[in-house]
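In what follows, a single structure is set out as structure tokens and then discussed.
Each chain gets a letter, A, B and so on, in the order the sequences are listed, and its residues count up from 1.
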Amino acid sequence: MAKKNILKDRSVYAIGIGLHPYQRASDVTYVTLGLTAVRAALSDAQIKWTDVETAFVGNARIGMAAGSTMLRYLGPSDVSVAQVENASASGSTAFRQAVHDVASGVAEVSIAIGVDKPVEGAGRGGPINAKVRSLDEGLVVPFSHFAMLAERYMADTGATIEQIAKVAVKNHANGARNPFAQRQKARTLEEVLAPPQISGALTRLQCTPVGEGAAATIVASEDAIERLGIDWQRAIRVTASASRLQEFTPDENADAALTRKTTLEALDAAAVDPRDLDVIELHDAFSIEELLYAEAIGLCGEGEAAACVERGDFDIGGRHAISPSGGLLAMGHPIGPTGVGQVCEIVRQLRNEAGDRQHPDAKIGLAHMVGVGAVCVVHVLERT
Amino acid sequence: MSEKRELWVEQSGVIFLRGVKCDRCGSVLFPPQAYGCEACGADETHLREFLFPSSGTLNSFTTVHVHPKLETPYKVAEVKTEARQLVRGRLEHEHPSVGEAVMGAVEVIDGTPQFIFVVPSEVEA
Ligand SMILES: [Zn+2]
């Protein structure tokens with residue numbers, strides 16, 4: 001049975017975005033990070049905290065009750081708060097919950113917040129103990145999983161190490177124009193290929209920096225936009241939300257299959273052809289992922305993505321701008337904020353407010369995240 | 001005290017892996033668990049211990065240069081076994097390539113037997 005697209009019947013709009021820059025771990029508390037993003041989003045939407053009815057706080061590292069503890073400092077309000085954990089897709093899932101609250105009529109105005117920072121002594125994620133032992137215990141860390149995907153991709157398509165590295169060159173160039181990015185330095189191919197080698201084809205600059213930061217996006221109904229006097233020109237409609245759990249697929253690349261299915265579900269719901277996507281923010285924690293997911297999303301044929309990157313098809317101003325924010329590779333991946341930050345970038349692009357990293361005439365955007373488990377969460381946004 | 005069962009077993013010089021097989025859909029699952037079949041959803045009562053040969057082809061591999069605890073570099077492999085299951089483990093091979101035949105072997109490292117993937121010819125030699 002096809003899933004119901006609640007966003008077709010009731011329109012939901014992103015009306016405010018805010019960020020705290022992504023950065024290396026520092027002494028700044030998560031409360032300061034989070035409140036900076038929330039206040040920036042309120043100010044962007046030109047509404048008050050008391051106008052927000054429900055809040056979803058995505059994080060994976062800072063522990064129980066982090067969301068509610070932080071939001072008390074915004075003063076008294078009738079807001080309902082819930083913390084959302086879904087690994088790297090925590091922020092994307094918080095956004096999905098906020099969107100669905102408005103679509104269902106539970107709230108007229110809701111906020112999705114992502115905030116996170118490294119916590120000393122905390123485990124590197126993963127459930128406590130499901131007691132399933134394997135042969136590769138401890139041997140395969142995330143980057144070696146993706147290094148294996150890179151090796152396989154090169155064997156299947158004939159792509160070269162240099163071609164894979166060019167994804168990082170492109171995304172660092174984009175990040176250099178994003179004041180919220182953790183890495184704001186353009187890099188040459190030589191710099192990207194230079195040691196330290198991390199695993200297989202992957203060098204340090206082809207792996208995402210995991211630091212700290214925050215992002216917030218406020219969503220609202222049509223009625224709320226009218227009532228609060230929000231500028232319709234700056235409201236961006238959310239036309240689809242899809243989320244899936246990975247299935248057992250022993251005969252194909254499980255990561256690509258999960259992205260293909262989730263994206264297809266979202267694009268179908270929004271009635272959008274992948275070729276019509278203008279801006280895409282995807283989970284490029286490792287350079288190889290952009291190639292795999294660009295193909296899985298349907299931006300190009302199987303095995304063609306490396307050539308697309310080389311030709312500039314995925315540059316800002318190209319056929320589709322992929323990761324104009326710099327992506328996880330350059331903007332960074334503070335975990336909880338990342339999925340919300342992607343939505344912030346797409347809203348900025350579709351409003352035509354992205355300054356010197358603006359993709360010309362951007363009308364339709366797609367945000368894609370994956371998280372350990374594995375889960376995949378995809379949203380489609382459109383300028384109306 | 002129950003002895004920790006290894007994930008492999010040697011039978012007349014051949015290393016088999018200890019997985020489970022679903023008696024409802026026939027899928028072979030590795031590593032073994034007693035929770036339910038990921039392929040069809042059958043509950044744990046449908047999962048039976050199943051030994052399958054560790055030999056297969058290299059689906060992929062990589063050299064790990066950075067690890068928080070282990071000594072590097074080392075190689076890991078993802079192997080497609082004849083039971084259609086993807087199995088990951090340590091790889092000992094100078095110049096591996098995707099699609100190449102490999103098989104399981106057991107090597108004693110620091111007094112502890114460990115499972116590794118090797119190329120068949122190296123075992124005979
Ligand atoms: Zn089954």
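Looking at heavy atoms from C-beta onward, A/Asp136 lies out of side-chain contact with B/Val76 at the 4.5 angstrom threshold. Side-chain contact between B/Arg88 and A/His145: present, with at least one pair of heavy atoms (C-beta onward) separated by less than 4.5 Å.
Shown here for B/Val64 and A/Phe143, the closest heavy-atom pair between the two residues is CG1-CE1, 4.3 Å. Considering all non-hydrogen atoms of both residues, B/Gln85 and A/Phe248 come closest at NE2-CZ, 3.9 Å.
Of the listed residues (B/Ala39, B/Gly99, B/Pro73, B/Ala34), the one with the most heavy-atom contacts under 4.5 Å to chain A is B/Ala39. Chosen from B/Arg90, B/Gln114, B/Gln33, B/Lys69, the residue pairing most often with chain A at heavy-atom distances under 4.5 Å is B/Arg90. Here B/Lys80 is the residue among B/Lys80, B/Lys75, B/Glu78 with the most heavy-atom pairs under 4.5 Å with chain A.
Applying a 4.5 Å heavy-atom cutoff, the residues of residues 150-168 of chain A that approach chain B are A/Glu151, A/Arg152, A/Ala155.
In summary, the side chains of B/Thr62 and A/Ser144 do not present any donor paired with an acceptor at a separation below 3.5 Å, with no hydrogens or angles considered.
Residues passing the salt bridge (Lys or Arg N to Asp or Glu O under 4.0 Å) test with A/Glu191 are A/Arg187, sequence neighbours excluded. Under the rule for a salt bridge (Lys or Arg N to Asp or Glu O under 4.0 Å), the partners of A/Glu265 that lie at least two apart in sequence or sit in another chain are A/Lys3, A/Arg244.
Separation of atoms CD1 (A/Ile198) and OG1 (B/Thr72) is listed at 10.0 Å; rounding is to 0.5 Å. Once rounded to the nearest 0.5 Å, the distance linking CG of A/Asn253 with CG of B/Leu86 reads 10.0 Å.
In this structure, the side chain of B/Tyr74 engages the main chain of A/Leu139 through a donor-acceptor pair within 3.5 Å. Here the side chain of B/His67 pairs a donor or acceptor atom with the backbone of A/Gly138 at under 3.5 angstrom.
Looking at B/Phe115, only its side chain comes within 4.5 Å of chain A, counting heavy atoms on both sides.
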Return a table of donor-acceptor pairs under 3.5 angstrom between the side chains of residues 13-32 of chain B and protein atoms on other chains or two or more places apart.
unit_1  : atom_1 : unit_2  : atom_2 : d
B/Arg18 : NE     : B/Glu6  : O      : 3.0
B/Arg18 : NH1    : B/Glu49 : OE2    : 3.2
B/Asp23 : OD1    : B/His46 : ND1    : 2.7
B/Asp23 : OD2    : B/Arg48 : NE     : 3.4
B/Asp23 : OD2    : B/Arg48 : NH2    : 2.9
B/Arg24 : NH2    : B/Cys40 : O      : 3.0

